[in-house]
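If you're wondering where the values come from, they're calculated on a predicted model, not measured in any experiment. The first residue of the sequence shown is numbered 1, and numbering continues consecutively from there.
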Amino acid sequence: MHLLSAGCLCAFLTAALLRQASGLETVVGVYGETLEIPCNNGAITADVLITKWKYDKGDGLSGDLLVKKQQNVSVSATDEYKHRVSMAANSSLLLSAARLSDQRTFTCMVVTDADITEFPVNVVIYKTPAGLEISDKAEELEIGKLTKLGECVAHNANPPANITWLKNNKILVADGKGISIQASVHVDPVTGLSNTSSILEYSAEKEDTDAQFTCSTQPISDAKLVSSPVSFTITYSTENIVLQVITQDPLTEGDNVTLKCVADGNPAPTSFNFHLKGEVVKVENENTYTITNVSRDTSGEYKCSLIDNPAMEASNDLTVNYLDINLSPSGKIVKSAGEALPLTLQIESSGDSKVSWTKDNIKLDKEPQFTALTYSDSGFYECEVTVGALSRKASFELGVEGAPVIKQLIKQRAENGQHKVLICEAEGSPKPAVSWNINGTLLDESPFINGKIRHKITVVPTANLSVSCTVSNEFGKDTKVIDVSPLFEEVRMDKQDQSDDSDQTKLVVGVVVGLLIATLVVGLAYWVYMKKSKQGSWKTGEKENGSSEEEKKLEEKVEENSQKAEV
């Protein structure tokens, strides 16, 4: 048994509203359930003698349902209500299996000792739709074309269902252009229930791909009914076309390259024309074309277009990278010292190139130049040319040969003073042999690098010697001579040199000291003389004049001695 207040149906049931406006009480029942209709809102006093229920049959006629006397209830109905009515303890009318035909006025008549009173009640029956479903769906939606999307039907409802369409849970409102909604209601003549149908016509957009469409209704109950979502394939003509070049990077001669034509139509085109530098190739049920074993002549502009619409085309440039280098000289080269070696590097490439050089795997700052070859120019040279990610290398091995030359022949005294060290430095290639004209002990021989060698021996000479170093190879030889004195003579000469230096120092010091003493003596004599001269100033003028001349001579003598002392 289910009861609802009259306020729940105010928006849907016009008849109930009218009756409410006339002051009638309204009771709402659920279709198929037992409906309880209260008598005087359940306010029945104890002095009631008879309670009687009747209903309005229309045309001013009424039909009896049941009567209650002194707690005894008897059914007086002889029609459809005979087996559906009963009375509750509080005198309410109980009506089982509510039908739409029960939407009428039922009256409770109460008889007491003092009066007879009637309480009419208006009955309204509602039913929630059996369900919502979208049928008669479109196979696909075309952009810009108003197409019937589907039909949403709400079955067996009362009052008739109000259907709303939604896209991605947002309500669609008819605008007379891209959205059109047509609703209709069909009433079952047997049950009186309504079937509501709503048809949505829709003009799709690209954004509607994978969009979900639903329909819903809000019955009197709180639960909202929503159909299962449906989505559609959105079709549209090709608006854009792109030609893609699929290959490894960089694309070089001998590689394969694939041209792929991509169009944005739905369904996408599957057949294309590929324009291959003057040749047109038709490809069906495929959107790619592969060019094998490309060469530099393959470079150029390529196009693709739709077979059914040749004006819809796309283009792309294809560049085959290549790099050819020619280095002269190459291989193994042998030259003589002092010769010139011209060096040329020819480059043919598809772009700007960069060149780097190494000698014996050590990077050079610039390209080598050989105007006059030296032994140090010998080595392994390699150049690397790059164009983007493309790289080529070329190399040559240079050997510089010539007769050896002694660059330096020197002698040194060992730190311990026990022997002498002779050093012979030479250049030449192939490696020269080093020989001496005396017997000595090999102290060291440097590695043969860049045509240079350094040979070092130790000797202990006992007399003056002329020592020669000779270097030779298959191209010639060179000899240099150096004089070497014995060790004991050098020691004696060192001591003699030290003695001579000491005597000369003593002589100079003695002369300086003697001159200083002489100056002091002359100065002292002059001072004594001047003192005596002042004491005898009383003598005659002749004597004074004579004294002045002697004083003058004495001053000149002092000055002369002073100059000698300074020297």
Please answer whether the main-chain N or O of [Y] pairs with a side-chain N or O of [X] as donor and acceptor at a distance below 3.5 Å.
X	Y	value
T196	A161	yes
N168	Q212	yes
E140	T233	no
S299	V320	yes
S101	R99	no
D360	G379	no
N158	I125	yes
E339	S336	yes
S227	C215	yes
N256	N293	yes

For residues 385-409, run the donor-acceptor check on the side chains, cut-off 3.5 Å, and write out each pair with its distance to 0.1 Å, sequence neighbours left out.
from, atom 1, to, atom 2, distance (Å)
S391, OG, E384, OE2, 2.9
R392, NE, L323, O, 3.2
Q408, NE2, E425, OE1, 2.9

Step-by-step side-chain contact (heavy atoms from CB on, under 4.5 Å) determination, W357 to L343 | CA-CA 13 Å; W357 285 88; L343 189 66; 3.8 Å; yes

If you define the side chain from C-beta out and look only at heavy atoms, does anything of [X] sit under 4.5 Å from [Y]?
X	Y	value
L259	L243	yes
Y375	N450	no
I143	E239	no

Minimum heavy-atom separation for T470 to K477, with atom names?
-> CG2-CD, 4.3 Å

Please report the shortest heavy-atom distance between S203 and D208, naming the atom on each side.
-> O-OD2, 4.5 Å

Just checking, is any N or O donor in the side chain of H275 or S305 under 3.5 Å from an acceptor N or O on the other one?
-> yes

Is it the case that N361 and T358 place a side-chain donor and acceptor less than 3.5 Å from each other?
-> no

Heavy atoms from other residues, nucleotides or ligands near CG of D175 exceed 12 (cutoff 6.0 Å) | yes

Please confirm whether Y381 and F370 have ring centers closer than 6.0 angstrom.
-> yes

So, do Y202 and F232 have ring centers that fall under 6.0 Å from each other?
-> no

Hits for side chain to side chain contact (heavy atoms under 4.5 Å, CB included) against T288, two or more places apart or cross-chain, chain-then-number order -> T258, K260, E286

Ion pair present between K206 and D264, side-chain N to carboxylate O less than 4.0 angstrom?
-> yes

